[in-house]
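In what follows, chains are A, B, ... by sequence order, proteins preceding strands, each numbered from 1. Remember, it's a predicted structure, so these values are computed and weren't measured experimentally. Below, each value reflects all heavy atoms present in this structure, side chains not excepted, and no hydrogens, waters or symmetry copies.
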Protein chains: 2
Amino acid sequence: MNDSSDAPARSGRAARLDDVAVIAGVAKSTVSRVMSGEATLSVRAETRQRILAIAAELGYQPDSRARALRLRRTHTLGIVVPEIDNPAFGTIIRSAQKAAVARGYSLFISLADKDQPDGELYRRLVAGSRVDGVLVTTTSDPALVAELRRRAISYVLVNRESPGETASIIVDYVDGTVRAVAHLAGLGHRRLALISGPLGQYTGRKRLEGFRRGLAAAGLPFDPDLVAECNYGWEEAGDALAAMLSAPGGPPTAVCAANAVVASGTIARARRLGLAVPDDLSVVALLDGPLAAMSAPAITAMQYPFEELGRLAVNALIDNLEDDTEVAGRTLPPLGLAERESTYAIDPL
Amino acid sequence: MNDSSDAPARSGRAARLDDVAVIAGVAKSTVSRVMSGEATLSVRAETRQRILAIAAELGYQPDSRARALRLRRTHTLGIVVPEIDNPAFGTIIRSAQKAAVARGYSLFISLADKDQPDGELYRRLVAGSRVDGVLVTTTSDPALVAELRRRAISYVLVNRESPGETASIIVDYVDGTVRAVAHLAGLGHRRLALISGPLGQYTGRKRLEGFRRGLAAAGLPFDPDLVAECNYGWEEAGDALAAMLSAPGGPPTAVCAANAVVASGTIARARRLGLAVPDDLSVVALLDGPLAAMSAPAITAMQYPFEELGRLAVNALIDNLEDDTEVAGRTLPPLGLAERESTYAIDPL
DNA sequence: TGGACGAAGGAAATCGTTTTCCTTTCTGAG
DNA sequence: CTCAGAAAGGAAAACGATTTCCTTCGTCCA
């Protein structure tokens, strides 16, 4: 009659600790200890085997909800990313997830967009202790950081910086941009343009800084007319180029584009306007992506260690969670420039 | 001395139900009821206001772990996707997440890859009741489906079918392919090729079926030499094209490529081999993506309602969870062919 | 004056673990 | 033969919510 206790594996109900205990004829505390491989446990080998066998047979899996409640740990990390289509974020979340599961954690990915602003998503994530810690990739809003602090949620800023905040792991966009500019200058270009993302955002600011530093290093003047902002759109990038072609100081001979799609849009528009790439205009993407290699001409682009970034961030976060070690900031140097077909020496000797 | 009870909002500890109850001078059952807006509750308006005010002041958020344990519901749905870079999956998870949060759920996204095979990920997801239900997008492995059944986990197959399984919401790849073929045939093409993804996989099979049906509808013969398989690689697609150019029955004048990157690779190789696109070779992508519009020439491509797909799947899953309604299968027709620049009438009259 | 009923809220069980102490039972030394 | 101490395991209290019953008033009517 009481068929709920003798065949839980067959019924729909998942097996619980207690089911195993009853069948094995021991207390559930014993089962719990055996299952978790407690070191200081004294139990006869025979008993241990019996428990393990029964647990396996019933397909017992500890209930993560109960576990989370008791342990005050969900073993889940959260990350919120803007635009999943951006290959850099794809790489980051892939490596972050991998690093997390390697250490027994799960990664909860949330996508921000217009009607799901990032701040709200972070709040959803941490509200009710859904995650043990978060990777912050979308914002460096000091208010958010302060809130995480207050709620005692561990966090790491990934590719973002916040004033007075050291828990920041970033990729060196300024150095990468400096190097891209150096490449172009080395090819003999003297009038370089920058088509950047929004200059109000972190990455936009960093790229502008790198652009200016690169110019200075090459002894070239900075012309504000050759800096344009766009929102990473393909058409938009073309518009920006078109506008710069009639700059008072003359058109640029090379442009640094924020990323591969901006570079692609720039190239497409250049061609439509009768400019050959790379012969009349060189283009380098300040951030590589699959599109760069698939374009014609293939686009020279700067590469960054995003995979390492995700991995380091997760490991720093987990270290902080488990050993309470301070998460130390790091900045990773660019991987290098993938030279493809979109840049050309202006004055071949 | 007992400073843990008077200022939980200031201390690091998150406020609990009990904190609110003690301060408000009521039992926690009352607070719980007020917070959840229980309909059949009789409580004085003044008491209710007081409780609400205190909860707000303390920043009380019910602990989701305790809630999940008691309610036996996590209000979280799981989805595992292969290759995040595929824009179709990006659209699906974006709309799925949006639909989920609109109904008070969260979406747990997991990324499959070589060392994280999908089956294992699904198991991680459902093990320990981490999620209430799953969206299955990577596999139609009957064993997995059977396991979900056995564990009494709700699920919906998204863009996958499994024998004997009706809980499947899909996009009509065969009709879309038929229509792409009809477009090409209407342009006067007589020798059409198919560069598909792996034919052993669901989408590959569907596209081959559509290709054959489209050919038959146009009264054209099917030539096995003009069907190639690739693993969605750009270079690979070019290799497939190159091989088909020397087919015994003559080279194709048009090719249906699995998706935008395959189409792009096909076009790039065609050009390298001296063929103009679209003049000498027309190319249509059987699945649109951002790359299609950014290529030169822009690639004509078939579009599907992936956004709707994700939304419908999530809603069906939640309906099933909450009202125990059977999830009914659906197949969504393609949105249509975006005609761009890569297809050309072979015999302009 | 009694009692019936609704209003307002409280006590305690429960969800499935983990963990802190216990309680037995054995073994071996004196 | 006794007793200390180890070996083997058990009982019960958390963790923080929800929910099923209760209890206590106050009011109204007969």
- [ ] Write down the distance between NE2 (A:His75) and P (C:dT18), rounded to a whole number of angstrom.
- [x] 10 Å

Write out a two-atom table: protein N or O, nucleotide N or O from nucleotides 3-8 of chain D, distance below 3.5 Å.
from	atom 1	to	atom 2	distance (Å)
D:dA8	N7	A:Ser42	OG	3.3

Open item on the list: Is it true that, when you exclude B:Glu307 itself, more than 12 heavy atoms of the residues, nucleotides or ligands shown sit nearer than 6.0 Å to its CD?
Closed with: no

Task: Length of the line joining B:Leu17:CG and D:dA17:P, which is rounded to integer Å - done: 5 Å

Task: Interface with DNA chain D, restricted to residues 126-134 of chain A and to heavy atoms under 4.0 Å - done: none

TODO: Identify the heavy atoms of B:Leu77 and B:Val131 that sit nearest to each other, and give their distance.
DONE: C-CG1, 4.1 Å

Open item on the list: Heavy atoms only, 4.0 Å cut-off, all strands: where does B:Leu69 land among base, sugar-phosphate and nothing?
Closed with: base

- [ ] Find which nucleotide of DNA chain C each of B:Ala27 and A:Pro62 is nearest to by heavy atoms, and output the residue with the more 5' nucleotide.
- [x] B:Ala27

TODO: Give the rounded distance in Å between these two atoms: CD of B:Glu38 and C1' of D:dT19.
DONE: 8 Å

Open item on the list: Nearest to the A:Lys28 side chain among D:dG16, C:dT18, D:dT18, which nucleotide is it?
Closed with: C:dT18

TODO: Give the rounded distance in Å between these two atoms: CD1 of B:Ile51 and P of C:dG9.
DONE: 8 Å

Open item on the list: Can you confirm whether the side chains of B:Thr325 and B:Asp319 place a donor and an acceptor under 3.5 Å from each other?
Closed with: no

Open item on the list: It should be established whether B:Ser32 places a side-chain nitrogen or oxygen under 4.0 Å from OP1 or OP2 of nucleotide D:dT18.
Closed with: yes

TODO: Only one of A:Thr137, A:Asp113, A:Asp118, A:Thr139 passes side-chain contact (heavy atoms from CB on, under 4.5 Å) with A:Pro82; say which it is.
DONE: A:Thr137

Task: Any donor-acceptor N or O pair under 3.5 Å, side chains B:Tyr105, B:Gln97 - done: no

Open item on the list: Going by side-chain contact (heavy atoms from CB on, under 4.5 Å), name the residues that satisfy it together with A:Arg44, two or more places apart in sequence or in a different chain.
Closed with: A:Thr47

- [ ] Would you sort out whether A:Glu83 and B:Arg94 count as a salt bridge (Lys or Arg N to Asp or Glu O under 4.0 Å), showing the intermediate values?
- [x] CA-CA 9 Å; A:Glu83 27 150 11; B:Arg94 222 185 336 256; over 6 Å; no

- [ ] Ignoring backbone atoms, test whether B:Tyr60 places a side-chain nitrogen or oxygen under 4.0 Å from the OP1 or OP2 oxygen of D:dA17.
- [x] yes

TODO: Check every strand shown and say whether A:Arg65 touches a base, only sugar-phosphate, or nothing at a heavy-atom separation below 4.0 Å.
DONE: nothing

TODO: Considering just the side-chain nitrogens and oxygens of A:Arg72, establish if one lies under 4.0 Å of OP1 or OP2 belonging to C:dT18.
DONE: no

Task: Non-hydrogen side-chain atoms of A:Phe108 and B:Thr76 separated by less than 4.5 Å - done: yes

- [ ] Report, as yes or no, whether the 6.0 Å neighbourhood of atom CD on A:Glu147 holds more than 12 heavy atoms from other residues, nucleotides or ligands.
- [x] yes

Task: hbond_proxy B:Arg33 side chain to D:dT20 base (donor-acceptor, 3.5 Å cutoff) - done: yes

TODO: Using whole Å, report how far CE of A:Met35 lies from P of D:dG9.
DONE: 16 Å

- [ ] Check if the side chain of A:Arg70 and the base of C:dT17 share a donor-acceptor pair of N or O atoms closer than 3.5 Å.
- [x] no

Open item on the list: Looking at A:Glu322, I'd like to know if its CD atom is crowded, meaning that more than 12 non-hydrogen atoms belonging to other residues, nucleotides or ligands lie closer than 6.0 Å.
Closed with: yes

Open item on the list: Please confirm whether the shortest side-chain N or O distance from A:Ser29 to OP1 or OP2 of C:dT19 is below 4.0 Å.
Closed with: no

Task: Between P of D:dG16 and CG of B:Asp19, the distance in whole Å - done: 9 Å

